[in-house]
Amino acid sequence: MDWQTSHAVVTGGSSGIGLATVRRLATLGTKVSVIALGDEDLDRLAATPPPGPRTVFTAAADVGDQVAVADAMADCIERHGPCDVLITSAGVARPGYFLEMTTNEFDRQMRVNYFGTLHAVREVAPSMIERRGGSIVGVASAAGLLGVFGYSAYGPTKYAVRGLCEVLRTELRPHGIHVGCAYPTDVDTPQLAGEEPFKPAETAAISGSIVPIAP
C-alpha cells in the first residue's frame, strides 16, 4: 500500500480509535476523509486537523442512515478520489441488564455498529472490485469474540461485524481486496468513559481487571 497516494475513509474518525487512526494516517501523508456525526468532535477536528502534508476532509453523517452515508461518501470521493482504504470505527455502546434494556437501545446499537459498517462497505466495494484492489477493516470488539455480561445489546452487533468481515474476506479476495477485522478490548476513549455509569456491578467487576489501552 502506497499510503501517500491512497485515499482512506474512516467512519467515526472524530473520536477514540477512529481519531487515533486518522492522526496516524495523516502523518503518513495519506489522503484522509472522516465520516462522523456532525457534533463538536467533528467541528474540532475540522478546525484543528492533525499535522500532515494533506488536509483531512470531514463529512457529517449518521452512519446508521444509508442515504446520509451515500451522500457523505460521494463528497469524500469528490474531494480525494476513489476510496482505497475503508476503516469502520464508528460505534456506540450502552451496557445494562438484558431485561432492563429498551428495544430502542438494541435497535440503536445495531443500526450504528452493524448497519453503519454495512452501509459504508457497500458504498466502496463496487469501485474496489472494478479497480481490483483496496482494503476494508471493520472495528469489532473483544465482545464480538465472546459474550460479556451486561453487553446483550452491544455484543451481538460486534458479532455481526465479525461475521460480515469473515464472509467478505472470502468473497472479495478473488478481486484483490483485503478485508480485516479488529477486536480491541477496553480502550481509553470517551465512549468507554460514557459506559461507566450504566455498567451493572457484575460488568464493572469483569472490566475492573482490564487496563484500558491507548487508542
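Nearest heavy atoms, C76 versus A59: SG-CB, 4.2 Å. Closest heavy-atom contact between A36 and G13: CB-N, 4.3 Å. For T170 against P174, the heavy-atom pair with the smallest separation is O-CD, 3.4 Å. The nearest pair of heavy atoms linking S127 to P82 is OG-CB, 3.9 Å. Between L25 and A8, the shortest heavy-atom distance links the atoms CD1-CB, 3.7 Å. In this structure, S152 and M101 approach most closely via the heavy-atom pair OG-CG, 4.4 Å.
No side-chain heavy atom of V9 sits under 4.5 Å from any side-chain heavy atom of H80. Under the 4.5 Å side-chain criterion, counting only non-hydrogen atoms from C-beta, K31 is not in contact with F57. Counting heavy atoms from C-beta outward, V56 and P50 have side chains that approach closer than 4.5 Å. Between R79 and D75, every side-chain heavy-atom pair lies at or beyond the 4.5 Å cut-off. Residues P212 and L192 are in side-chain contact: their nearest non-hydrogen atoms beyond the backbone lie under 4.5 Å apart. The side-chain heavy atoms of T88 and V137, taken from C-beta on, include no pair separated by under 4.5 Å.
A salt bridge between K199 and E196 is present, with a side-chain N of the basic residue lying under 4.0 Å from a carboxylate O of the acidic one. For the pair R44 and E40, the salt-bridge criterion is not met [side-chain N within less than 4.0 Å of a carboxylate O].
Distance check: S14 OG to L45 CG gives 7.0 Å after rounding to the nearest 0.5 Å. E195 contributes atom CD, which lies 8.5 Å from atom OG of S207 (distance to the nearest 0.5 angstrom). Rounded to the nearest 0.5 Å, atoms CG (L37) and CG (D43) are 11.0 Å apart. In this structure, CD1 in I136 is found 5.5 Å from CG in L172, a value given to the nearest 0.5 Å. For the atom pair L19 CG and L42 CG, the distance stands at 10.5 Å (nearest 0.5 Å). Going from atom CG of L168 over to atom NE2 of H175 covers 11.0 Å, rounded to the nearest 0.5 Å.
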**Asked** Can D186 and I213 be said to form a side-chain contact (heavy atoms from CB on, under 4.5 Å), step by step?
**Response** CA-CA 7 Å; D186 284 354; I213 61 176; over 6 Å; no
**Request:** Report the C-alpha separation of R54 and T30 in whole Å, then their side-chain angles, then the decisive distance to 0.1 Å, and conclude whether the side-chain contact (heavy atoms from CB on, under 4.5 Å) test is met.
**Result:** CA-CA 7 Å; R54 300 179 184 273; T30 308; over 6 Å; no
**Derivation of the side-chain hydrogen bond (donor to acceptor under 3.5 Å, both in side chains) call for S33 and H7** = CA-CA 8 Å; S33 295; H7 175 202; 2.7 Å; yes
**Request:** Show your reasoning for whether salt bridge (charged side-chain N to carboxylate O under 4.0 Å, His left out) applies to D62 and R111.
**Result:** CA-CA 10 Å; D62 176 351; R111 182 176 62 83; 2.8 Å; yes
**Prompt:** Given the rule in the salt bridge (charged side-chain N to carboxylate O under 4.0 Å, His left out) test, do R131 and D84 qualify, once you have shown the distances and angles that lead to the verdict?
**Reply:** CA-CA 9 Å; R131 291 177 290 126; D84 301 297; 2.9 Å; yes
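The main-chain N or O of F149 is found under 3.5 Å from a side-chain atom of T203 such that the two form a donor-acceptor pair. Of the possible polar contacts, none joining the T58 side chain to the A46 backbone as a donor-acceptor pair under 3.5 Å is found. Side-chain N or O atoms of Q191 include one that pairs as donor or acceptor with a backbone N or O of A93 at under 3.5 Å. Proximity of a side-chain donor or acceptor of Y159 to a complementary backbone N or O of L146 within less than 3.5 Å is detected.
The number of heavy-atom neighbours closer than 6.0 Å to CZ of R24, taken from other residues, nucleotides and ligands shown, is 12 or below. Environment of CD in E202: crowded, with over 12 heavy atoms of neighbouring residues, nucleotides or ligands closer than 6.0 Å.
Within the cation-pi definition used here (under 6.0 Å to the ring centroid, within 45° of the axis), R94 qualifies as a partner of F198.
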